[in-house]
Amino acid sequence: MDLNNITPENELEVEILEDLKSGRSKEVITRCPPEPSGYWYIGHVKAWTINFETAQKFGGKTYLRMDDSNPTKEDGEFADSYMADLEWLGFKPKALVYASESYFDKIYDIAEKMIKNGDAYVCELSAEEVSASRGTLTEPGKNSPYRDRTPEENLKLFREMRDGKYPDGSKTLRAKIDMSHPNINMRDPIMYKIARQHHYRVGDKWCIWPQYDFVHPMEDCLEGTTYSLCDKGFQDHRIVYEWFVQHGWGKPYAPKQREFSRLTIENVLTGKRWLKQVVNSGLVNGWDDPRFPTLVGVRRRGYTAKALKDFVRSVGWGSTIEVTVPYSALEYYVRNDLNQIATRAMVVMEPLKVVITNYQGNGEDIEIENNPNDENAGKHKARFGREIFIEKEDFSLNPPPKYNRLVEGGIVRLKGAYIIRCNKVIYNEKGEIDHLECEYIPESKSGNDTSNIKCKGTIHFVSADNFFEITIRNIKSLVKPEFVSPAKALAEGAKIEDILEPDSLTESKAYAENFLKNAKVEDKFQFMRKGYFCMDKDSTKDNYIFNNTISLKDGFKK
RNA sequence: UGGGGUGUCGCCAAGCGGUAAGGCAUUGGACUCUGACUCCAACAUUGCGUAGGUUCGAAUCCUACCACCCCAGCCA
């Protein structure tokens with residue numbers, strides 16, 4: 001790889017380039033280190049995109065590493081979902097490693113080494129006492145009375161901790177740094193705690209567990225990570241990270257921790273704790289509910305991996321701890337990608353029957369382009385005949401200004417077929433419109449129109465001999481629009497039920513052209529003039545279900 | 001009152017001493033057999049948190065101030 005051909009696009013890349021040129025780094029190794037304790041959501045895409053793509057850019061690699069050092073929160077169910085999510089996103093990790101299995105032994109050895117070096121000690125303060133002696137933001141902490149034990153004594157105690165000689169919570173291993181350090185994270189952080197807890201991977205092998213500030217840098221070192229990229233929430237842990245790299249690892253080519261902004265989206269509920277509550281309350285249908293911001297949720301809804309990645313790239317690295325963007329920023333990329341790949345089809349949501357009074361035959365085939373933006377997408381057959389259905393809203397008795405759909409006595413083009421003129425409105429006993437009587441203009445057929453009639457509007461339709469009924473799932477924002485920061489509202493005491501939109505998911509029936517019978521789960525369509533839809537996994541042979549991924553932009557000013 | 005950060009258009013975001021990129025949103029308009037897409041135009045008028053200073057010249061350097069965010073788990 002020729003470093004001179006690489007154009008750095010942010011400060012980190014500038015730094016990496018310098019490190020590579022100076023020889024500080026031999027290659028770029030990053031990691032994707034989820035704690036397997038919940039499903040990923042859109043925010044994770046940013047973290048993984050940054051980690052995978054910076055490595056890729058410099059010809060490096062990325063490991064998927066389960067950061068599973070807390071047995072009380074972790075679960076194999078989640079760990080298993082991550083490989084699938086990553087594959088869907090299009091990222092290929094160099095390997096999948098479980099920190100608990102691959103690194104705990106070595107990390108234990110490092111801890112012993114640190115004890116021998118006088119960098120760690122066994123402390124017998126209770127959790128409350130540790131907290132009380134840590135000091136406050138403005139006052140220094142106090143040294144633990146156990147701080148000055150000899151390395152021999154510490155080593156003996158630590159081994160006994162490991163061997164299960166002491167009850168849970170009775171002792172900890174602490175780093176000997178500085179109890180009066182202005183950064184609280186440096187005040188003798190806990191390296192190991194005692195907790196008899198079954199672990200989803202390593203079972204009951206351990207009763208002592210390494211803590212984040214210690215375990216994370218050591219995992220990075222053992223793995224060969226050169227750049228440990230995390231969110232800005234860890235910015236004031238960087239100094240601790242570097243301390244452990246120096247005192248625990250102590251070799252050259254140590255990793256560097258660098259931080260990017262967390263990404264949040266207006267009006268989207270995030271936070272494991274809240275999402276879990278919503279799932280448990282039954283207000284949604286599981287973690288992959290199409291209204292949910294989880295990856296499995298947005299995927300089911302019909303969002304694409306490309307859209308998500310384009311979106312997070314557009315937001316950038318970020319400078320503040322958290323960057324909040326409007327939902328429309330995401331939607332732009334969703335529409336953008338779907339517009340390129342979605343197959344066009346005609347579906348009538350609220351049918352209004354139209355009889356073509358001057359049409360005599362048994363109907364005829366017409367052709368519809370599968371995707372006008374992709375010439376290789378081909379066409380599919382649809383039908384036109386004496387009886388068709390159009391959208392109710394495409395006919396008006398009292399048309400607003402600039403309404404260029406069907407009106408009494410007016411004309412409109414049927415997509416892919418003919419121009420029709422509305423001659424008569426037929427009402428039922430209740431005085432409602434029952435159907436329309438129209439005539440078609442035989443010379444106006446799409447493809448060989450010799451009629452010379454200029455027609456402003458084109459509407460979609462289905463023919464009575466070429467449709468079947470489908471189910472549409474209409475999806476609105478899960479959260480009421482006034483809650484721009486739902487997690488904040490909840491933290492301030494709002495109730496889940498109060499911030500959620502009551503009818504965020506509704507079902508309705510629609511008439512779809514028969515072509516849609518070929519659809520498979522996760523196939524993406526544009527129902528012309530309506531929006532993008534994705535076939536849901538709940539579909540059966542007799543009931544095709546489509547999720548409304550997103551509407552089309554509507555430029556019609558009423 | 002400690003430490004770590006950040007302040008450039010409604011929202012993101014370039015810029016790193018030479019006279020305010022770009023994207024989203026918005027508003028006009030063109031095109032259109034999807035009122036989509038696409039295209040074109042407008043959108044910080046000495047303005048880059050504020051006040052001073054240095055300089056021929058500052059968002060960029062210096063000084064002081066102000067505002068906002070994060071940190072006191074044996075969570076990650």
Side-chain angles (χ1 to χ4, degrees), chain A residues 9-11 33-35 37 67-70 72-74 123 125-128 130-132 134-141 168-174 180-187 189-195 208-209 211-213 215-216 230 232-239 259 261-263 266 311 314-333 335-336 339-340 344 346 368-369 372-373 402-405 412-419 444 446-447 449 455-460 526-532 551-557:
Chain A
E9 269 152 32
N10 54 245
E11 280 180 30
E35 183 192 24
S37 63
D67 218 356
D68 53 359
S69 55
N70 184 353
T72 67
K73 287 168 66 182
E74 295 146 10
C123 179
L125 257 21
S126 69
E128 297 71 42
V130 167
S131 174
R134 182 153 26 229
T136 67
L137 295 179
T138 53
E139 297 156 28
D168 291 2
S170 61
K171 289 181 173 51
T172 56
L173 183 70
R174 292 232 254 164
S180 58
H181 195 104
N183 182 326
I184 287 196
N185 301 121
M186 289 290 271
R187 321 242 256 233
I190 309 284
M191 293 168 63
Y192 273 92
K193 68 175 174 190
I194 305 176
I208 57 170
W209 306 94
Q211 302 298 287
Y212 174 83
D213 275 324
V215 80
H216 199 90
C230 57
K232 294 211 180 224
F234 296 99
Q235 212 154 13
D236 34 70
H237 288 257
R238 184 144 124 191
I239 187 172
E259 310 87 6
S261 297
R262 266 198 302 266
L263 172 61
E266 286 178 1
F311 165 62
S314 80
V315 174
W317 186 265
S319 49
T320 52
I321 189 156
E322 184 167 270
V323 152
T324 306
V325 300
Y327 202 78
S328 58
L330 201 206
E331 291 187 308
Y332 171 82
Y333 292 95
R335 288 198 181 96
N336 206 39
N339 185 227
Q340 299 305 314
R344 314 290 131 129
M346 295 204 282
I368 301 295
E369 283 181 294
N373 297 318
K402 296 198 177 164
Y403 183 83
N404 48 27
R405 283 111 99 154
V412 78
R413 159 136 246 142
L414 295 173
K415 176 74 186 174
Y418 299 88
I419 293 172
S444 68
S446 295
D449 183 352
C455 188
K456 275 184 299 181
T458 300
I459 63 173
H460 59 100
Q526 185 199 86
F527 294 171
M528 277 188 284
R529 306 204 309 130
K530 301 309 288 185
Y532 294 100
S551 66
L552 249 31
K553 277 176 80 172
D554 185 2
F556 181 44
K557 311 279 181 313

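It should be emphasised that the depicted structure is a prediction, and the values quoted were computed from it without experimental measurement. Below, chains carry the letters A, B, ... as their sequence lines are ordered, and counting in each starts from 1.
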Inset, instruction - For the side chain of A/Asn404, starting at C-beta, report the closest nucleotide among B/A25, B/C12, B/G35. - result: B/G35
Legend entry - N/O (side chain, A/Arg262) to phosphate O (OP1/OP2, B/C69) under 4.0 Å: no
Inset, instruction - Determine the interatomic distance between P on B/C39 and the same-named atom on B/C71; round to the nearest Å. - result: 44 Å
Legend entry - Nucleotide nearest A/Arg134 (side chain, heavy atoms from C-beta), chosen from B/G35, B/A72, B/C71: B/A72
Legend entry - side-chain N/O A/Gln211 vs B/C75 OP1/OP2, d < 4.0 Å: yes
Inset, instruction - Could you state the atom-to-atom distance from CZ of A/Phe527 to C1' of B/C37 in whole Å? - result: 19 Å
Inset, instruction - Write down the distance separating the C1' atoms in B/U19 and B/U60, rounded off to the nearest Å. - result: 12 Å
Inset, instruction - Check every strand shown and say whether A/Gly316 touches a base, only sugar-phosphate, or nothing at a heavy-atom separation below 4.0 Å. - result: nothing
Legend entry - Side chain of A/Leu552 (C-beta onward), nearest among B/C74, B/U34, B/A72: B/U34
Inset, instruction - Name the nucleic acid region contacted by A/Ile321, choosing base, sugar-phosphate or nothing; use a 4.0 angstrom heavy-atom cut-off, strictly under. - result: sugar-phosphate
Legend entry - N or O in side chain of A/Arg187 less than 4.0 angstrom from B/A72 OP1/OP2: no
Legend entry - Opposite nucleotide pairing with B/A13, Watson-Crick or G-U, both atom distances under 3.5 Å: none
Legend entry - Under-3.5 Å donor-acceptor pair between A/Gln526 side chain and B/U34 base: yes
Inset, instruction - With the side chain of A/Tyr403 defined as its heavy atoms from C-beta on, choose the nearest nucleotide among B/A76, B/C74, B/G35. - result: B/G35
Legend entry - Nucleotide of B/U26, B/C74, B/A76 approaching A/His237 most closely (side-chain heavy atoms): B/A76
Legend entry - Stacking of A/Tyr212 on B/A76 base (centres under 5.5 Å, planes under 30°): no
Inset, instruction - Could you state the atom-to-atom distance from CG of A/Asn339 to C1' of B/C37 in whole Å? - result: 5 Å
Inset, instruction - Report the nucleotide, chosen from B/C37, B/G35, B/C75, that has the shortest atom-to-atom distance to any side-chain atom of A/Lys193. - result: B/C75
Legend entry - Partner nucleotide, any strand, of B/A72 [Watson-Crick/G-U, under 3.5 Å]: none
Legend entry - Nucleotide nearest A/Lys73 (side chain, heavy atoms from C-beta), chosen from B/C24, B/A76, B/C37: B/A76
Inset, instruction - Nearest 0.5 Å please: distance from the CD atom of A/Glu35 over to the NE2 atom of A/His216. - result: 11.5 Å
Inset, instruction - Would you state whether a donor and an acceptor, one from the side chain of A/Asp554 and one from the base of B/G35, lie under 3.5 Å apart? - result: no
Legend entry - Between B/C43 and B/U54 - C1' atom distance, rounded Å: 35 Å
Legend entry - Of the listed nucleotides B/C24, B/G35, B/C71, the one nearest the side chain of A/Asn185: B/C71
Inset, instruction - Whole angstrom is fine here: how far is it from CG in A/Asp236 over to P in B/G3? - result: 13 Å
Legend entry - Base paired to B/A67 (Watson-Crick or G-U; both N/O distances under 3.5 angstrom): B/U6
Inset, instruction - Indicate syn or anti for B/G73, taking the glycosidic torsion and treating anything within 90° of 0 as syn. - result: syn
Legend entry - Pairing partner of B/U32 (Watson-Crick or G-U wobble, both distances under 3.5 Å): none
Inset, instruction - Confirm from the modelled atom types if A/Arg529 and B/G35 form a donor-acceptor pair under 3.5 Å, side chain to base only. - result: no
Inset, instruction - Could you check which of B/G2, B/A13, B/A25 has an atom nearest any side-chain atom of A/Val323? - result: B/A13
Inset, instruction - Check whether any side-chain nitrogen or oxygen of A/Thr320 sits under 4.0 Å from OP1 or OP2 of B/G7, and answer yes or no. - result: no
Inset, instruction - Answer with yes or no whether A/Asn183 presents, from its side chain, a donor or acceptor under 3.5 Å of a partner atom in the base of B/G4. - result: no
Legend entry - Length of the line joining A/Tyr532:OH and B/C37:P, which is rounded to integer Å: 8 Å
Legend entry - Inter-residue atom distance A/Arg529.CZ - A/Phe556.CZ, 0.5 Å rounding: 11.0 Å
Legend entry - Rounded distance (nearest 0.5 Å) linking atom CG of A/Leu552 with atom CG of A/Asn339: 8.0 Å
Legend entry - Protein-nucleotide distance (A/Leu330, atom CG; B/G23, atom C1'), rounded to Å: 14 Å
Legend entry - Separation of the C1' atoms in B/C37 and B/C75, to the nearest angstrom: 48 Å
Legend entry - Toward the 5' end of RNA chain B, by each residue's nearest nucleotide, A/Leu125 or A/Asn373: A/Asn373
Legend entry - side-chain N/O A/Ser69 vs B/A76 OP1/OP2, d < 4.0 Å: yes
Legend entry - Atom pair distance, as rounded to whole Å: CD in A/Glu139 and P in B/C71: 19 Å
Legend entry - Nearest-neighbour nucleotide for the A/Val315 side chain, B/C12, B/U6, B/U34 considered: B/C12
